[in-house]
Asks: 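Can you keep this structure in mind? I'll have questions shortly.
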Amino acid sequence: MSDVRTRFCPSPTGMVHVGLLRTALFNWAHARHTGGTFVVRIEDTDAARDSEDSYRHLLDSLRWLGLEWDEGPEVGGPHGPYRQSQRHDVYREVAAKLVEAGHAYESFSTNEEVDARRRAAGQDPKLGYDNADRYLTDAQKAAFRDEGREPVLRLRMPDEDLAWTDLVRGEVRFAAGSVPDFVVVRANGVPLYPFVNPVDDALMGITDVLRGEDLLPSTPRQLALYAALQDVGVAGGPPRFGHLPYVTGEGNKKLSKRDPQSNVDVYRERGFVPEGFANYLALLGWSIAEDRDVFSMAEMAEAFDVTRVSANPARFDVRKAEAINATHVRQLPVEEFVDRVVPFLAGAGLVADPPTPEQDRVLRAIAPMAQERTVVLSDVVGLVGFLFTDEVAIDPAAAAKNLRPEDAEVLTAASAALEGLGEWTTAAIETALKEALVEGLGRKPRQAFGPVRVAVSGRTVSPPLYESIELLGRERTLTRLTAAREAAG
RNA sequence: GCCCCCAUCGUCUAGCGGUCCAGGACGCCGCCCUUUCAAGGCGGUAGCACGGGUUCGAACCCCGUUGGGGGCACCA
């Protein structure tokens, strides 16, 4: 086991974003590759937006993807608790140390006052806080308190350039003085994210911070905080940072929280398999080899190297995600495929869960043929649904194309051929239908089997016809052929 | 406005100074296979943003331009 410790620290607000999961995946892969430790911490300091539902949903999504954590909520560990809502005492204590050592100070300025001062000095108010309260005397502080003002705590930024070697971007540097003293604890005593995040990273011994590019501009503040923390004995050195590229949607805009495309649930519900989804997520900024893009989680862990993560933003491409997923679906052992598909069929009311013995027999028989036609698991509902119902719903477009008046003769001939068929097997059905329709009617295969396919399956696209007919059984097949002939007029 | 990041086919990427008239994948287009659709096989389409340097030699290094994105809270 190496001493690398990575962490994933989401805040439980709302839905689970695909970009968030990508970040989790890379932290996981980095920890696994290095033989280190993957920590999950919940940043629920914002009581107004956090919810227990979304907390559970977050953990569930991680587990679904296959990202087991070594320390964190529900599994524990030596640095708990792993939910910030339970760590207030820790923050209070650290803040006090920082004040005592002079790294943090009480600040009474209101935003309006800061603005006014900047304007008066002929500066752009957008420059932000002006560090004016750094050297307040006790008397001045007392006077502010007498006015009824409560101070925030700000961290004193050092007067030197802040630079680090980013794991994915190389050296990044912010000039001295470009970042104002920032608030670490609110006037009401609640500590803020830019404070608790590094404090917990320090306390939990995090060595490698892999996070979204949006956090890059806040890194100088973290570095300054780390230096202060180190000075008061709370932290060792700062961690390594690696800023992961954005995951974007259409038009290179950051995939917004409101965009349905960014919600993992929609992929789960459509029947993306975790192996496939994780594989695609990994491709967003990383590649395993020059000529390969399908791999397992184990292979990713084996090969992952943060240093080789791309710095450019990646567009989330559903088509490619589907293609990768389809490959993983096809690679599943058939029994596994059947197991995974049952909930979708049951959800559509087509089979019982667990399936009855008869349903199970049919499902297992059709599975190999359905599997290679499946992109996402929910596809099977449309693909094999006709086998599990007495009444097929005929797709109107399919009927218009293949159940025209001139097709009635096909249906009649097919019925006749199948009605007295001695042996109800795929081979016998094939022979009988070819004799009756191709030779008997002189139709081209396409013209001959199209109407039959629509009659029995309701669609122009289905698993192989003869196999389907065998599984459907003689009775239901004949009923459907008759019904379709009437419909064809 | 200030600060920061990014820049190879439509998209994701390989490329880490010569072996690149740039490789793979998705998509798209053909063909083969074929009872449909897939899968599979074969082939094709399409790219180093621009301008200066450095160098014997640049997609790769440096500078600038342009373009895109992000950050500038008592949110996370």
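So that the names make sense, note that chain A is the first sequence line, chain B the second, and so on, each numbered from 1.
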Asks: Starting at the 5' end of RNA chain B, which residue's closest nucleotide do you reach first, A:Asp291 or A:Arg173?
Replies: A:Arg173

Asks: In the strands shown, is B:rC33 matched to any nucleotide by a Watson-Crick or G-U wobble pair with both distances under 3.5 Å, and which?
Replies: none

Asks: Closest to the A:Leu192 side chain: B:rC16, B:rA76, B:rC5?
Replies: B:rA76

Asks: Under a 3.5 Å cut-off for both distances, is B:rC72 Watson-Crick or wobble paired, and to whom?
Replies: B:rG1

Asks: In whole angstrom, what separates A:Tyr466's OH from B:rU34's C1'?
Replies: 10 Å

Asks: At under 4.0 Å between heavy atoms, what does A:Ser462 touch on the DNA or RNA strands: base, sugar-phosphate, or nothing?
Replies: base

Asks: Does the pair A:Glu106/A:Arg145 count as a salt bridge with the N-to-O cut at 4.0 Å?
Replies: yes

Asks: For A:Glu43, which contact category applies under a 4.0 Å heavy-atom criterion: base, sugar-phosphate, or nothing?
Replies: sugar-phosphate

Asks: Taking a pair as Watson-Crick or G-U wobble with both distances under 3.5 Å, which nucleotide is matched to B:rA39?
Replies: none

Asks: I want to verify a distance call: between B:rC26, B:rU36, B:rG15, whose nearest atom is closest to the A:Arg308 side chain?
Replies: B:rG15

Asks: Measuring from the side chain of A:Arg49 (C-beta onward, heavy atoms only), which nucleotide among B:rC12, B:rC37, B:rA76 has the closest atom?
Replies: B:rA76

Asks: Taking the six-membered ring for Trp and the single ring otherwise, decide whether the centroids of A:Phe316 and A:Tyr280 are under 6.0 Å apart.
Replies: yes

Asks: Quick check for you: among B:rU36, B:rC4, B:rU35, whose closest atom lies nearest to any side-chain atom of A:Val172?
Replies: B:rC4

Asks: Quick check on B:rG71: is either OP1 or OP2 less than 4.0 Å from any side-chain nitrogen or oxygen of A:Ser218?
Replies: no

Asks: Applying the Watson-Crick and G-U wobble criteria at under 3.5 Å, what pairs with B:rC21? Answer none if nothing qualifies.
Replies: none

Asks: In whole angstrom, what separates A:Arg211's CZ from B:rC5's P?
Replies: 15 Å

Asks: Using a heavy-atom cut-off of 4.0 Å across all strands, would you classify A:Ala311 as base, sugar-phosphate, or nothing?
Replies: sugar-phosphate

Asks: Hey, does A:Leu465 reach any base, or is it just sugar-phosphate, or nothing, if we go heavy atoms under 4.0 Å?
Replies: base

Asks: Checking all strands, does A:Leu215 fall into the base, sugar-phosphate, or nothing category for heavy-atom contacts under 4.0 angstrom?
Replies: base

Asks: Nearest heavy atom decides the nucleotide; on that basis, is A:Val183 or A:Arg453 closer to the 5' end of RNA chain B?
Replies: A:Arg453

Asks: Rounding to a whole Å, what distance do you find between A:Phe182:CZ and B:rC3:P?
Replies: 21 Å

Asks: Identify whether any heavy atom of A:Thr45 sits under 4.0 Å from a base atom; if not, whether one sits that close to sugar-phosphate; answer base, sugar-phosphate or nothing.
Replies: sugar-phosphate

Asks: Nearest whole angstrom, please: distance from the P of B:rU35 to the CZ of A:Arg373.
Replies: 13 Å

Asks: Base, sugar-phosphate, or nothing: which does A:Phe174 touch, judged by heavy atoms less than 4.0 Å apart?
Replies: sugar-phosphate

Asks: Counting the benzene-type ring for Trp, do A:Phe182 and A:Tyr129 have ring centres under 6.0 Å apart?
Replies: no

Asks: Report yes if a donor N or O on one partner sits less than 3.5 Å from an acceptor N or O on the other, where the partners are the side chain of A:Arg315 and the base of B:rU11; otherwise report no.
Replies: no

Asks: Choose from B:rC75, B:rA14, B:rG70 the nucleotide whose nearest atom is closest to any side-chain atom of A:Glu290.
Replies: B:rA14

Asks: Under 4.0 Å, counting only non-hydrogen atoms across every strand here, what does A:Thr460 touch: a base, just sugar-phosphate, or nothing?
Replies: base

Asks: At less than 4.0 Å, is any side-chain N or O atom of A:Asn312 found next to OP1 or OP2 of B:rG68? Yes or no.
Replies: no

Asks: Going by purine N1 to pyrimidine N3 plus the second Watson-Crick contact, or the G-U wobble pair, all under 3.5 Å, which nucleotide sits opposite B:rA49?
Replies: B:rU65

Asks: Is any side-chain nitrogen or oxygen of A:Arg319 closer than 4.0 Å to OP1 or OP2 of B:rG10?
Replies: no

Asks: Could you state the atom-to-atom distance from CD of A:Glu322 to P of B:rG27 in whole Å?
Replies: 9 Å

Asks: Would you say A:Asp133's side chain and A:Phe108's backbone share a donor-acceptor pair under 3.5 angstrom?
Replies: yes

Asks: Is the centre of the A:Trp69 ring less than 6.0 Å from the centre of the A:Phe8 ring?
Replies: no

Asks: Could you tell me how far apart A:Arg149 (CZ) and B:rC74 (C1') are, to the nearest whole angstrom?
Replies: 14 Å

Asks: If you check the A:Leu216 side chain, which of B:rG1, B:rC5, B:rG23 turns out closest?
Replies: B:rC5

Asks: Can you establish whether the number of heavy atoms outside A:Asn188 located under 6.0 Å from its atom CG is more than 12?
Replies: yes

Asks: Is A:Arg211 positioned over the aromatic face of A:Phe241, cation under 6.0 angstrom from the ring centre and no more than 45 degrees off axis?
Replies: no

Asks: Students often get this wrong, so: under 4.0 angstrom with heavy atoms, is A:Pro10 touching a base, only sugar-phosphate, or nothing?
Replies: nothing

Asks: Distance-only, no hydrogens or angles: does the A:Arg474 side chain make a donor-acceptor pair with backbone N or O of A:Leu421 under 3.5 Å?
Replies: yes

Asks: Tell me which nucleotide, if any, is Watson-Crick or G-U wobble paired with B:rC28 when both distances must be under 3.5 Å.
Replies: B:rG44

Asks: Would you classify A:Arg446 as touching base, sugar-phosphate or nothing, given that sugar-phosphate means primed atoms plus P, OP1 and OP2, and contacts are heavy atoms under 4.0 Å?
Replies: sugar-phosphate

Asks: Hey, does the side-chain of A:Arg169 have a donor or acceptor N/O within less than 3.5 Å of a partner on the base of B:rC5?
Replies: no

Asks: To the nearest Å, give me how far apart CZ (A:Arg22) and P (B:rC12) are.
Replies: 13 Å

Asks: Measure the distance from OH on A:Tyr129 to C1' on B:rA73 and round it to the nearest whole Å.
Replies: 14 Å

Asks: Identify whether any heavy atom of A:Tyr193 sits under 4.0 Å from a base atom; if not, whether one sits that close to sugar-phosphate; answer base, sugar-phosphate or nothing.
Replies: base

